[in-house]
Colleague: 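I have a structure I would like to understand better, so I am pasting it below and will then ask my questions one at a time.
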Amino acid sequence: MKDIETREDLILIMRKFYDKLLADDVINFFFTKITDTDKHLEEHFEILATFWEQALFLKGGYKNNMFQIHKNVHEKAAFTKTHFDIWLQYLYSTIDTYFEGKYAEQMKTQALSMATVLQIKFSQ
């Protein structure tokens, strides 16, 4: 298997990852009821690809406030440890299915860091 190298690789990860998220009744309501993410997935994948390009490849271009976006959702329906665990499990399994290498491992590490920080911030 190859490592994550391109924006197209990131979009593939997001598509497969969201297939899992949207099929899981424990977490899918965040994307279908709390937000309308499911109505504009391709646009969402482009935003996420830009975020991960910046995080992994230092490309720049991501201008949103990731923390504030998730805080706004959390205020409507609280994220629990179970939600974060499901999110991480699906992201890890998606990455591991298609990629291996430095960037694949870095993406998993950064996702864990983000999930940890969000859980700490939201529990305060």
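Only this structure's heavy atoms are used, side chains among them; waters, hydrogens and symmetry mates stay out.
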Colleague: Check Leu88 against Ala115 and note the closest heavy-atom contact, atom names and distance.
Modeller: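 Taking every non-hydrogen atom into account, CD1-CB, 3.9 Å.
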Colleague: Can you name the side chain to side chain contact (heavy atoms under 4.5 Å, CB included) partners of Ser123, sequence neighbours left out?
Modeller: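 Scan of Ser123 (side chain to side chain contact (heavy atoms under 4.5 Å, CB included), adjacent residues dropped) gives none.
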Colleague: Using distance alone, with no hydrogens and no angle criterion, decide if Asp24 and Tyr90 have a side-chain donor and acceptor under 3.5 Å apart.
Modeller: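 Yes.
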Colleague: State, with a plain yes or no, whether a side-chain heavy atom of Met107 is found less than 4.5 Å away from one of Ile13.
Modeller: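 Yes, at least one pair of side-chain atoms sits under 4.5 Å.
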Colleague: Using the test side chain to side chain contact (heavy atoms under 4.5 Å, CB included), find all partners of Asp85 that sit at least two apart in sequence or belong to another chain.
Modeller: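 With sequence neighbours excluded, Asp85 shows a side chain to side chain contact (heavy atoms under 4.5 Å, CB included) to Lys81, given in chain and number order.
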Colleague: For Ile11 and Ala49, work out which heavy atoms get closest and say how close.
Modeller: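 In this case the closest contact between Ile11 and Ala49 is CG1-CB, 3.7 Å.
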Colleague: Write down the atom of Phe29, the atom of Ala77, and the distance for their closest heavy-atom approach.
Modeller: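 It is CE1-CB, 4.0 Å.
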Colleague: What is the distance from atom OH of Tyr92 to atom CZ of Phe17, rounded to the nearest 0.5 Å?
Modeller: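 Output value for this atom pair is 11.0 Å.
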Colleague: Between Arg15 and Phe45, does the side chain to side chain contact (heavy atoms under 4.5 Å, CB included) criterion hold? Intermediate values first, please.
Modeller: CA-CA 7 Å; Arg15 283 191 179 124; Phe45 297 155; 3.4 Å; yes
Colleague: What I want to check is whether the side chains of Thr97 and Lys16 have a donor and an acceptor closer together than 3.5 Å.
Modeller: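 No, because no side-chain N or O of Thr97 sits under 3.5 Å from a partner of the opposite role on Lys16.
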Colleague: Does the side chain to side chain donor-acceptor pair (under 3.5 Å) test come out yes or no for Lys76 and Thr35, once each step is laid out?
Modeller: CA-CA 9 Å; Lys76 294 176 185 174; Thr35 69; over 6 Å; no
Colleague: Using the side chain to side chain donor-acceptor pair (under 3.5 Å) definition, which of the options Lys108, Gln110, Lys102 pairs with Gln106?
Modeller: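 Of all the options given, the one that passes is Gln110.
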Colleague: Does Asn28 reach the main-chain N or O of Ala23 with its side chain, forming a donor-acceptor pair under 3.5 Å?
Modeller: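 No; zero donor-acceptor contacts below 3.5 Å.
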Colleague: Scan the side chains in residues 56-67 for donor-acceptor partners under 3.5 Å anywhere in the protein, sequence neighbours excluded, and list what turns up.
Modeller:
unit_1: Asn65; atom_1: OD1; unit_2: Phe67; atom_2: N; d: 3.1
unit_1: Asn65; atom_1: OD1; unit_2: Gln68; atom_2: N; d: 2.9

Colleague: Rounded to the nearest 0.5 Å, how far does CG of Leu41 lie from CE of Met14?
Modeller: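 The distance works out to 12.0 Å.
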Colleague: Does the side chain to side chain contact (heavy atoms under 4.5 Å, CB included) test come out yes or no for Tyr18 and Leu48, once each step is laid out?
Modeller: CA-CA 11 Å; Tyr18 270 75; Leu48 293 172; 3.6 Å; yes
Colleague: On the 0 to 90° scale, with breaks at 30° and 60°, tag the Phe122-Phe79 ring pair as parallel, tilted or perpendicular.
Modeller: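 The rings of Phe122 and Phe79 lie parallel, inter-plane angle below 30°.
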Colleague: With a 4.5 Å heavy-atom cut-off, do Leu12 and Phe99 have their side chains touching?
Modeller: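 A side-chain contact exists here, since the closest heavy-atom pair is under 4.5 Å.
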Colleague: Looking at Ala104 and Ile95, what are the two nearest heavy atoms and their distance?
Modeller: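 Closest heavy-atom pair between Ala104 and Ile95: CB-CG2, 3.7 Å.
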Colleague: In terms of side-chain geometry, is the basic nitrogen of Glu46 or Arg7 positioned less than 4.0 Å from the acidic oxygen of its partner?
Modeller: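 Between Arg7 and Glu46 there is a salt bridge, with a charged N closer than 4.0 Å to a carboxylate O.
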Colleague: Are Ile86 and Val117 connected in a single hydrophobic cluster, I mean Ile/Leu/Val/Met/Phe/Trp/Tyr linked by side-chain heavy atoms less than 4.5 Å apart?
Modeller: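 Each belongs to a different hydrophobic cluster.
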Colleague: Does His44 use its side chain to pair, donor to acceptor, with the backbone of Thr37 at less than 3.5 Å?
Modeller: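 No; judged by distance alone, with no hydrogens or angles, the pair does not exist.
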